[in-house]
**Q** 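Handing you this structure, nothing more for now.
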Amino acid sequence: MSKEPSNAPEFSVSELSGAIKRRLEDDFGNVRVRGEMGRVTLARSGHVYVDLKDANAVLSAVMWKGVAAALKFRPEEGMEVIATGKISTFPGSSKYQLIIERLEPAGVGALLAQLEERRKRLAAEGLFDPERKQSLPYLPSLIGVVTSPTGAVIRDILHRLSERFPVHVVLWPVLVQGDKAADQVARAIAGFNALPAGGPVPRPDLLIIARGGGSIEDLWAFNEEVVVRAAAASAIPLISAIGHETDTTLIDFASDRRAPTPTGAAEIAVPVRLELQERISLIGARLSRAMVRGLERAKIELRAARARLPRAETLFASARQRMDVIDLRFGPSLRTLVATKAHGLGAIGGRLRPQVLHQDVTRRAQLVTSLGQRLGAALTRRTALEREAMKRSEQRLAMASQRLQAGLTRNLEAKTRHLAGQASLLEALSYRSALERGFAVVRTDKGVVVRAKSAIRSDARLTLTFLDGDVKVRASDGPVQGSLFD
């Protein structure tokens with residue numbers, strides 16, 4: 001059976017595939033497709049291959065490397081997305097696919113799901129552990145702020161710092177919204193930490209990362225992993241102040257302290273200067289009272305120690321008494337000895353010839369003379385020794401008294417110098433130093449210090465304390481007005 005002739009043109013496979021490709025790209029050159037992500041494959045080349053599906057169909061899609069690198073989130077299986085691009089074909093097979101030029105989560109729900117997944121993953125790494133949190137410095141001398149230089153946030157922070165306790169501030173300007181914001185914030189945190197101590201640019205004692213309020217998309221830069229890891233790795237204590245009090249971002253979990261607002265971050269960073277001055281005044285008064293009590297107690301102890309020391313007459317009385325006893329015994333003993341010897345001499349005198357008697361008397365007289373001389377010398381030496389011992393005792397007593405007096409004098413001088421230093425410090429921190437620089441203290445008619453404009457009621461009587469005296473005014477309606485009434 002022969003075929004009937006046909007005038008239909010013939011195409012090669014490549015020609016037909018190219019024609020279909022051009023037709024699809026012309027008719028579907030800009031489409032938006034909503035669907036759930038199925039298979040997600042990242043090729044070595046950097047291209048991402050995904051399947052978009054719904055209940056009834058599956059559409060193959062591809063994102064080229066440049067588009068995938070610019071994504072603000074990580075494509076994951078099960079995520080609902082909206083893909084924008086064009087329909088095309090792959091010449092190597094007879095199938096069509098969507099070339100994705102833009103990919104975004106389908107609504108806030110998808111972003112929140114991605115945010116929760118990222119939070120759990122980073123928390124499992126320990127980046128949010130309480131043990132990693134650092135204590136904030138009580139009174140930082142330099143604060144580094146990472147925020148936009150043109151927004152109201154930096155003005156609010158500077159204003160609140162000047163109201164509470166003026167300190168030096170170094171601003172690192174960054175974008176706080178958009179594709180480049182996360183990288184700039186992370187580099188700013190790392191840059192502050194890389195500053196050397198004592199370098200040309202001083203290293204801050206505290207960092208504040210701040211941004212005003214906005215939608216979850218506006219705040220998304222502070223949910224990026226690069227920002228969270230930079231905050232967790234910061235060796236400088238860090239306060240996060242992103243959005244309003246109800247807004248929560250992942251940097252809040254990694255920071256050392258979360259502030260509800262940028263203004264709240266400034267309040268956390270520094271204390272109120274007037275309250276600190278009052279506290280120092282109270283501590284100074286307590287220190288002065290303690291010093292006075294300590295000096296009085298030292299005087300009492302010194303008097304008690306002096307009363308317990310024996311008098312010099314008491315120390316030498318025993319030695320003097322022993323010398324008196326020896327002196328009293330020496331005379332009678334010598335006379336008794338001479339009498340005894342004379343009696344013995346008389347008893348044997350009859351038996352001795354005159355020559356022998358004379359020789360014996362002469363010998364014994366010499367012996368007696370010798371004994372007398374030796375006894376006198378011994379008595380003299382003993383008396384000298386007793387006097388020398390008494391003299392050494394007197395010297396030791398005088399030296400002990402001098403050392404005691406010198407120690408008490410040094411202790412009293414040290415206490416006096418310390419008290420003078422505390423008094424100088426107290427004077428340096430007194431509120432009168434602020435008055436000398438042109439400031440004034442505002443009090444109500446009841447003497448209460450006014451710290452905020454909102455605390456002043458209309459027609460209130462106020463007292464302005466300057467360095468050289470007080471001025472009484474009456475508050476009236478208006479931003480900054482007053483009238484003298486005294």
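These figures come from a predicted structure and were not determined experimentally. The first residue in the sequence is number 1, and the count goes up from there.
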**Q** Measure from the side-chain N and O atoms of Gln184 to the backbone N and O of Leu175, and report whether any donor-acceptor pair falls under 3.5 Å.
**A** yes

**Q** Return the minimal non-hydrogen interatomic distance between Lys133 and Phe128, and the atom names on each side.
**A** CE-O, 4.2 Å

**Q** Write out all pairs satisfying salt bridge (charged side-chain N to carboxylate O under 4.0 Å, His left out) with one or both partners inside residues 231-257, taking only residues at least two apart or from two chains.
**A** Asp252-Arg258

**Q** Decide salt bridge (Lys or Arg N to Asp or Glu O under 4.0 Å) for Glu296 and Arg293; before the verdict, give the C-alpha distance in whole Å, the side-chain angles of both, and the deciding distance to 0.1 Å.
**A** CA-CA 5 Å; Glu296 292 296 332; Arg293 289 195 299 268; over 6 Å; no

**Q** Find out whether Val449 and Leu274 are in side-chain contact, i.e. whether some heavy atom of one side chain is under 4.5 Å from a heavy atom of the other.
**A** yes

**Q** Before you tell me yes or no, could you show the steps for Ile143 and Val270 under side chain to side chain contact (heavy atoms under 4.5 Å, CB included), namely the whole-Å CA-CA distance, both residues' side-chain angles and the distance that decides it to 0.1 Å?
**A** CA-CA 10 Å; Ile143 297 177; Val270 295; 4.1 Å; yes

**Q** To the nearest 0.5 Å, what is the distance between CZ (Arg273) and CD1 (Ile280)?
**A** 9.5 Å

**Q** Any non-hydrogen side-chain atom of Asn193 less than 4.5 Å from a side-chain atom of Ile189?
**A** yes

**Q** Would you say that Val473 contacts Arg461 through its side chain, given a criterion of any heavy-atom pair below 4.5 Å between the two side chains?
**A** no

**Q** Which atoms form the tightest heavy-atom contact between Gly46 and Ala68, and what is the distance?
**A** O-CB, 4.1 Å

**Q** Do Leu142 and Val167 come within less than 4.5 Å of each other through their side chains, counting heavy atoms only?
**A** no

**Q** Determine, stepwise, if the pair Thr248 / Phe253 fulfils side chain to side chain contact (heavy atoms under 4.5 Å, CB included).
**A** CA-CA 9 Å; Thr248 301; Phe253 297 98; 3.9 Å; yes

**Q** Has Ser370 got a side-chain atom pairing as donor or acceptor with Gln366's backbone, closer than 3.5 angstrom?
**A** no

**Q** Are any of the side-chain heavy atoms of Ile242 and Ile251 separated by less than 4.5 Å?
**A** yes

**Q** At what distance, to the nearest 0.5 angstrom, does CG of Leu404 lie from CE of Met399?
**A** 13.5 Å

**Q** Testing the basics here: between Leu276 and Pro271, what is the closest heavy-atom pair and its distance to 0.1 Å?
**A** CD2-CG, 4.5 Å

**Q** Quick one: pull up CD1 in Ile208 and CG in Leu238 and give me the separation to the nearest 0.5 Å.
**A** 9.0 Å

**Q** In terms of side-chain heavy atoms, does Asp470 have a donor or acceptor partner in Thr463 at a distance below 3.5 Å?
**A** no

**Q** Apply side chain to side chain contact (heavy atoms under 4.5 Å, CB included) to Arg363 and list each qualifying residue two or more places apart in sequence or on a separate chain.
**A** Asp360

**Q** Given Thr444 and Ile456, is the side chain to side chain contact (heavy atoms under 4.5 Å, CB included) satisfied, shown in steps?
**A** CA-CA 8 Å; Thr444 64; Ile456 303 175; over 6 Å; no

**Q** From Arg121 CZ over to Arg118 CZ, what is the distance, rounded to the nearest 0.5 angstrom?
**A** 6.5 Å

**Q** To the nearest 0.5 Å, how far apart are NZ in Lys120 and CG in Leu115?
**A** 11.5 Å

**Q** Report yes or no: does Ser162 contribute a side-chain atom to a donor-acceptor pair with the main-chain N or O of Pro166 at less than 3.5 Å?
**A** no

**Q** So does Lys391 pair up with Glu388, basic N to acidic O under 4.0 Å?
**A** no

**Q** Who passes salt bridge (Lys or Arg N to Asp or Glu O under 4.0 Å) against Arg396, sequence neighbours left out?
**A** none

**Q** Verify whether one side chain among Thr249 and Asn223 offers a donor that lies under 3.5 Å from an acceptor in the other.
**A** no

**Q** Is a side-chain N or O of Ser234 found less than 3.5 angstrom from the main chain of Ala231, in a donor-acceptor match?
**A** no

**Q** Does any part of the side chain of Leu219, heavy atoms only, come nearer than 4.5 Å to the side chain of Arg211, both counted from C-beta?
**A** yes

**Q** Between Val146 and Phe192, is there a side-chain heavy-atom distance shorter than 4.5 Å?
**A** yes

**Q** Which pair of heavy atoms, one from Ile154 and one from Ser148, lies closest together, and at what distance?
**A** CG2-O, 4.0 Å

**Q** Are side-chain heavy atoms of Pro204 and Leu195 found at a separation under 4.5 Å?
**A** yes

**Q** Quick one: closest heavy-atom pair of Ala182 and Val227, and the distance?
**A** O-CG2, 3.3 Å

**Q** Salt bridge check, Glu386 against Arg382: does any charged N sit closer than 4.0 Å to a carboxylate O?
**A** yes

**Q** Would you say the side-chain atoms of Thr263 and Thr261 include a donor-acceptor pair closer than 3.5 Å?
**A** no

**Q** Has the side chain of Ser401 got a donor or acceptor atom that lies under 3.5 Å from a matching backbone atom of Leu397?
**A** no

**Q** Take Arg443 and Thr465 through the side chain to side chain contact (heavy atoms under 4.5 Å, CB included) test and state the conclusion after the steps.
**A** CA-CA 8 Å; Arg443 294 187 176 90; Thr465 299; 3.0 Å; yes

**Q** Rounded at 0.5 Å granularity, tell me how far NZ in Lys341 sits from CG in Leu367.
**A** 7.5 Å

**Q** Mark yes or no for whether Arg132, through its side chain, and Ala232, through its backbone, hold a donor-acceptor pair below 3.5 Å.
**A** yes

**Q** What closest approach, in Å, do Ala440 and Phe466 show between heavy atoms, and which atom pair accounts for it?
**A** CB-CE2, 3.7 Å

**Q** Any sub-3.5 Å donor-acceptor pair from Lys415's side-chain atoms to Leu295's backbone N or O?
**A** no

**Q** Salt bridge check, Arg451 against Glu278: does any charged N sit closer than 4.0 Å to a carboxylate O?
**A** yes

